[in-house]
Amino acid sequence: MEPLSPAKRLTVIVSAAVLTATAGIVGYQDYSRQPLSRLMRAGLPLLDLTVKLRDAVNNDLDANTSLVGSNDEVPAGDDHCPALTGGDVGSGTTMDVTVQRPADCPKKATWYVKKHPVAFTLNFNQGEAFLNWWDAQPQVQSLVGNRFVQGLFFGLLQSLKVKAEQLNLEGLQGEFLAQLLRDAIAANAELHYDMAHASQGWVISYSRSDSQFADQAMPALAGVLATSGYRLNKLPEPILETRIGLQKLFFTQFRERIYLAQSLEALLNVIDSIAPQSRRSDAPLSLTLRSEAFIDNLLPVLTGAPTYPLQWDFVLKDGQLGTLNLPAAAWQAQLHGQLFEGVLASIPHDAFAGVAASLALSPDLTTEDWQALAANGPSPNPPGIEPAGVGLVWDFTADSPTGAVGVIVANPQQPQASAAYSQYLKNPDLGAECAGGSLFLAASSESLLTRMKDACNKQSLSPLDWQRGAEKQRMQAAQLTAFINPGAAVRELFLAGGAGVAQEANEFAPRWQQDYEAAKAAMRQEGDKLFLSLPILSYAGRIEGDSSAVLAGKLIAQEGGK
């Protein structure tokens with residue numbers, strides 16, 4: 001055989017190198033895109049679960065149509081292998097670790113999951129646009145760096161700082177979870193909050209095919225970091241568990257999406273309750289709040305449907321807010337043409353949240369009228385032409401740190417109707433009239449009722465006084481108005497537990513106590529500066545016919561926060 005010339009030998013070597021590299025890349029991509037069951041390491045402890053669904057009062061639910069639940073019999077135990085249960089049992093989300101089971105017992109358990117509507121979902125419709133906006137917002141960065149935020153989300157924020165090098169992840173560098181989170185946002189992420197599982201109710205999902213980091217992150221999570229896992233017959237992939245820093249993390253893949261959660265129970269509830277959004281908003285960011293998570297029997301009566309999602313769209317442009325979108329509903333046909341001004345005037349200007357609608361609530365409703373409303377919903381007859389209004393206020397006060405609710409009813413045509421509304425109150429002392437009897441006020445706390453009366457009597461400010469009255473005309477022209485003051489809620493949240501209570505200075509107190517009170521005072525001062533810098537989100541608009549409502553949003557600077 002004729003020996004190869006140097007040029008031909010070089011060509012063969014280069015070709016072999018290219019083919020080897022190409023095969024390596026293809027092989028790596030094929031490996032990294034494998035399902036989790038093929039990525040996890042051999043011998044990883046797995047527990048087979050029979051998931052039982054329960055409602056809020058622990059009644060068992062039928063799981064025939066469930067994506068995760070089962071109607072199978074609960075695995076029975078015996079003296080040698082006691083039954084193993086976990087999930088939403090007892091007073092918390094736990095597994096009964098007191099049960100001692102020999103190593104030869106079957107790795108099976110019954111897991112109870114509280115089934116409840118997912119409270120809200122934050123959709124990153126344009127993830128890259130959101131990240132660019134986030135990176136260009138110094139006020140947002142200062143908010144995240146604030147001591148209050150750092151303390152409240154200490155575990156998560158510390159875990160976001162854990163580097164791949166600390167986790168012994170070969171080939172990866174930098175803050176692992178932070179990279180994973182930013183990549184998820186750019187890959188059509190959906191952040192869910194399942195309030196049935198409180199602080200452990202956060203779940204994020206994103207498209208694996210749109211992810212730039214999944215090819216590195218999934219092999220690292222499943223093959224290196226996972227410490228245990230769970231298998232369900234109805235799910236094609238196992239749910240794996242790991243801990244990164246102080247953060248416990250549950251993750252799986254379902255219908256081409258990666259799910260990451262703080263708790264197994266919240267993960268299962270979200271998968272079972274929320275299908276990925278097929279039609280996305282044109283806005284970069286949207287927030288959907290599901291009314292059925294907060295209201296049960298009243299919702300079908302007022303809306304004619306078991307669900308009523310509210311959607312906020314955020315345009316993420318300087319000086320612009322976005323819109324609040326409400327689905328068409330039966331109650332909207334009963335809106336009067338004009339909102340009675342006194343309803344807005346009776347809402348404290350610095351309350352946490354408020355809603356006002358040009359609805360009329362007659363003081364003459366009989367038991368039969370209420371029964372007809374419950375059975376048939378709002379009347380199909382068109383409303384009158386006179387101004388009307390009903391308002392709701394949600395606020396945090398000294399005598400109700402968990403929140404107090406106020407109600408405002410306008411009846412300018414019957415100014416002596418307050419007595420008729422008072423009959424609905426369990427405590428008549430928590431009701432009052434204002435504006436010569438044209439308004440009836442009620443609240444769940446005395447301090448909120450006092451604040452509402454002061455606003456109604458113009459002894460304090462109301463939303464009509466925002467920005468020195470510049471918003472008055474916009475709000476008067478609306479049939480529906482709503483606002484939320486994030487600073488009011490955040491202040492109560494951060495200063496709970498006594499941090500917001502100032503003690504009298506006492507020079508004879510021990511030095512440690514003086515230093516402690518000085519630290520609290522500095523914290524309150526820093527907090528007030530932060531809270532007043534957060535704008536009020538205000539929405540107002542009208543409804544034409546029986547169509548859905550689109551309320552235009554506007555950012556309102558708080559008094560003292562400019």
Side-chain angles (χ1 to χ4, degrees), residues 139 143 287 310 312-326 338-358 387-397 403-408 410 434-435 438-439 441 443 447-492 527-542 549-562:
Q139 185 177 8
L143 175 63
L287 174 68
L310 311 179
W312 284 264
D313 287 339
F314 300 97
V315 296
L316 302 183
K317 295 181 180 179
D318 291 341
Q320 299 184 41
L321 179 55
T323 59
L324 168 58
N325 307 280
L326 289 74
Q338 185 175 351
L339 176 63
F340 187 64
E341 180 179 323
V343 175
L344 294 171
S346 301
I347 299 176
H349 77 106
D350 55 352
F352 163 54
V355 177
S358 58
V390 174
L392 295 175
V393 185
W394 186 9
D395 197 21
F396 299 100
T397 59
V405 176
V407 178
I408 306 164
C434 184
S438 297
L439 291 167
L441 313 177
S447 56
L448 177 56
L449 181 61
T450 300
R451 281 163 48 78
M452 293 166 61
K453 289 192 294 185
D454 288 346
C456 183
N457 293 323
K458 301 187 181 302
Q459 296 175 353
S460 64
L461 302 179
S462 74
L464 296 177
D465 300 304
W466 282 341
Q467 299 186 336
R468 299 182 179 181
E471 299 302 309
K472 185 174 182 178
Q473 184 175 359
R474 177 179 73 98
M475 302 186 77
Q476 287 176 325
Q479 291 176 301
L480 285 170
T481 67
F483 74 89
I484 183 169
N485 184 346
V490 174
R491 184 182 193 282
E492 181 61 32
D528 288 338
K529 181 180 179 180
L530 168 68
F531 307 138
L532 287 174
S533 70
L534 300 178
I536 300 170
L537 282 59
S538 171
Y539 299 88
R542 301 182 63 84
V550 179
L551 308 185
K554 190 170 183 180
L555 294 169
I556 307 294
Q558 294 193 65
E559 294 296 327
K562 299 179 181 179

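Everything numeric here is computed off the predicted structure, so don't read it as measured data.
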Quiz item: Taking all atoms of both residues into account, what is the closest heavy-atom pair of V393 and P348, and its distance?
Solution: CG1-CD, 4.3 Å

Self-check item: Distance in Å, L324 CG paired with I484 CD1, rounded so as to fall on 0.5 Å steps
Solution: 10.5 Å

Quiz item: What do the steps show when you test L537 against Y539 for side chain to side chain contact (heavy atoms under 4.5 Å, CB included), and what is the final call?
Solution: CA-CA 7 Å; L537 282 59; Y539 299 88; 4.1 Å; yes

Practice problem: Heavy atoms only: give me the nearest R542-A477 pair and the separation to one decimal. | Solution: NH1-O, 2.9 Å

Practice problem: Could you pull out the closest heavy-atom pair between S346 and L439, with the gap in Å? | Solution: OG-CD1, 3.5 Å

Quiz prompt | N/O donor-acceptor pair under 3.5 Å between S460 side chain and A455 backbone | solution = yes

Quiz item: In this structure, which one of I408, D465, L464 forms a side chain to side chain contact (heavy atoms under 4.5 Å, CB included) with L344?
Solution: L464

Quiz prompt | Nearest-0.5 Å distance, CD of residue E341 to OG of residue S462 | solution = 8.5 Å

Exercise. Could you check if a side-chain atom of S538 sits within less than 4.5 angstrom of a side-chain atom of E471, using non-hydrogen atoms only?
Key: no

Quiz item: Atom CH2 of W312 and atom OG1 of T323: how far apart are they, to the nearest 0.5 Å?
Solution: 11.0 Å

Quiz item: From L339 CG over to Q479 CD, what is the distance, rounded to the nearest 0.5 angstrom?
Solution: 9.0 Å

Self-check item: Atom pair CG (L326) and CG (L551), whose distance is rounded to the nearest 0.5 Å
Solution: 5.5 Å

Quiz item: If you measure from CD on Q467 to NZ on K554, what distance do you get to the nearest 0.5 Å?
Solution: 6.0 Å

Quiz item: Which heavy-atom pair separates S358 from Q338 by the least distance, and what is that distance?
Solution: CB-O, 3.6 Å

Quiz item: V405 and L448: which non-hydrogen atoms are nearest, and at how many Å?
Solution: C-CD2, 3.6 Å

Quiz item: Between V343 and V390, does a side chain to side chain contact (heavy atoms under 4.5 Å, CB included) hold up when you go through it step by step?
Solution: CA-CA 7 Å; V343 175; V390 174; over 6 Å; no

Practice problem: Kindly indicate, with the supporting measurements, whether the criterion side chain to side chain contact (heavy atoms under 4.5 Å, CB included) is fulfilled by V407 and L441. | Solution: CA-CA 6 Å; V407 178; L441 313 177; over 6 Å; no

Quiz item: When you measure from the side chain of Q558 to the backbone N and O of L534, does any donor-acceptor pair fall under 3.5 Å?
Solution: yes

Self-check item: Atom CD of Q473 with >12 non-hydrogen neighbours under 6.0 angstrom
Solution: no

Exercise. List the atom of F340, the atom of A410, and the distance in Å for their closest heavy-atom pair.
Key: CD2-CB, 3.5 Å

Quiz prompt | Verdict with reasoning, R451 to D350, per side chain to side chain contact (heavy atoms under 4.5 Å, CB included) | solution = CA-CA 10 Å; R451 281 163 48 78; D350 55 352; 3.0 Å; yes

